[in-house]
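Since the structure comes first, as structure tokens, the remarks are kept for the end.
Just so it is clear: chains get the letters A, B, ... in the order the sequence lines come, proteins before strands, and each one is counted from 1.
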Amino acid sequence: MAEKLHFELVSPEKLLMSTDVDMVVVPGVEGDFGVLINHAPVVSTLRTGILEVHNGDEPQQLLVRGGFAEVNPEGLTVLAEEAMPLSDVDREALEAELKNANEDVADAKDEKQLAEANKVRDRLVEILGVLDLAA
Amino acid sequence: MANLKDLRNRITSVQSTQKITKAMKMVAASKLRRAQEAAEAARPYAERMENVLASLASSMVGQVGGPKLLAGTGRQDIQLIVVATSERGLCGGFNTNIVKGARKKISSLIAEGKDVKIVTIGKKGAASLKRDYGSRIIKHFDMSHVKRLAYGDAGPITDYLLSSYEAGEFDVCTLFYAKFQSALTQIVTAQQMIPASFDEENVVDLGGAAYDYEPDETEILEALLPRNLGVQIFRSLLENAASEQGSRMTAMDSATRNAGDMIDALRTTYNRTRQAVITNELIEIISGAEAL
């Protein structure tokens, strides 16, 4: 393939990736979709899942949470609230966090605390679910 | 004539003040660099988000029943002013300028007969607004625990704004902050957050094609608008942090210079006085010797 797709991965804190790649598989809410060059313009929200960047042989896998993807004639832009390489995800640390979160939920004194703790827990459960699927 | 010892003491005290201002200037300079980097790193996300929303919003124009965050409540009676300032002082006109801008807007809104509510972020702005508009301040966000601003720090503010908007506690929300331009210039900016407003020029030209939306437009808009609010708040907090450091750096730089000028002036006076004292003593001795 001569021409390549311009791909950008952006989190609220910084621009994580900006390269030309062969293909990207995006975890959209209505299912994964692959984006190649000259893809029709699409806007899709993301679900928590694995984003695959294909460039050369080995696809690179990233865990993304929250956000959306936009395909326009200039390329693909993924805006994710959280994104990290799958290899950097520390499963044990996440499980320990989940345990803490579960305790927080149990210890919550009022509704506000409970809502807060639930939010933290749901996020972890979501990520761990994705990891289970990937494994 | 000032006493020699007093002068010496003043010189030492100005010197130690100068040391402090100099140190603060250096600290501000290094913090500024970090804050500026953070602000610049956050720009792509916010810009892309705005672009997408602008194209979405432009395709929604004229349709009835769009999301409330975009279309507004249809009223403008209750205005919420969010004033973002710093937690610390000694940063020149930074806080004063933001508060001044907000104050102007508040008083003109009150004159128009609108109901004005205020939310403050950062204690400096809260302190100076409390005097005149104490009863109007409905919420204060303390950011003093935040060392390095992360996206999550904007979360509570966003959640609060969204839930009180849902509850119908205000119709229009405007955020006041200082946009960072350079270490010397910070521009006080009033940004309307709710209902969201976008620049038409940001719309990406698709060359005649139209976006496919997954899920449909309304759902995406509903998901994105609250997120956009969070991103915009986060971005303005970052801009504010950079502006604060820039402003502090400039203020401390001129304070250091002023202290230097003052030391020079004091030293001249000190030397003159010293000479005068010596001359005096000599005159006394000589006239004493002559009298013998």
Among G28(A), S18(A), A80(A), who wins on heavy-atom pairs under 4.5 Å with chain B?
-> A80(A)

Heavy atoms only: give me the nearest G49(A)-V130(A) pair and the separation to one decimal.
-> CA-CG1, 3.8 Å

With V71(A), which of V35(A), V43(A), V24(A) fulfils side-chain contact (heavy atoms from CB on, under 4.5 Å)?
-> V35(A)

Name the orientation class of the two ring planes belonging to Y165(B) and F170(B) (parallel below 30°, tilted from 30 to 60°, perpendicular beyond 60°).
-> tilted

So which part of T77(A) gets closer than 4.5 Å to some heavy atom of chain B, the side chain, the backbone, both or neither?
-> side chain

Regarding S182(B) and T185(B), is there a side-chain donor-to-acceptor distance under 3.5 Å anywhere?
-> yes

With chain A, which of Y45(B), Y213(B), F234(B) has the greatest number of heavy-atom pairs at distances under 4.5 Å?
-> Y45(B)

Criterion side chain to side chain contact (heavy atoms under 4.5 Å, CB included) on I78(B) and K117(B), from CA distance to verdict = CA-CA 7 Å; I78(B) 314 174; K117(B) 292 178 178 175; 4.0 Å; yes

Cut-off 4.5 Å, heavy atoms of chain A, and the answer for A150(B) is both

Checking L224(B) against chain A: side chain, backbone, both or neither under 4.5 Å from a heavy atom?
-> side chain

Would you mind checking which part of A223(B) comes under 4.5 Å of any heavy atom in chain A, side chain (CB onward), backbone (N, CA, C, O), both or neither?
-> side chain

Would you mind checking which part of Y151(B) comes under 4.5 Å of any heavy atom in chain A, side chain (CB onward), backbone (N, CA, C, O), both or neither?
-> both

Using non-hydrogen atoms only, which part of E8(A) is less than 4.5 Å away from chain B: side chain, backbone, both, or neither?
-> side chain

Measure the acute angle between the ring planes of F33(A) and H39(A), then classify it against the limits of 30° and 60° as parallel, tilted or perpendicular.
-> tilted

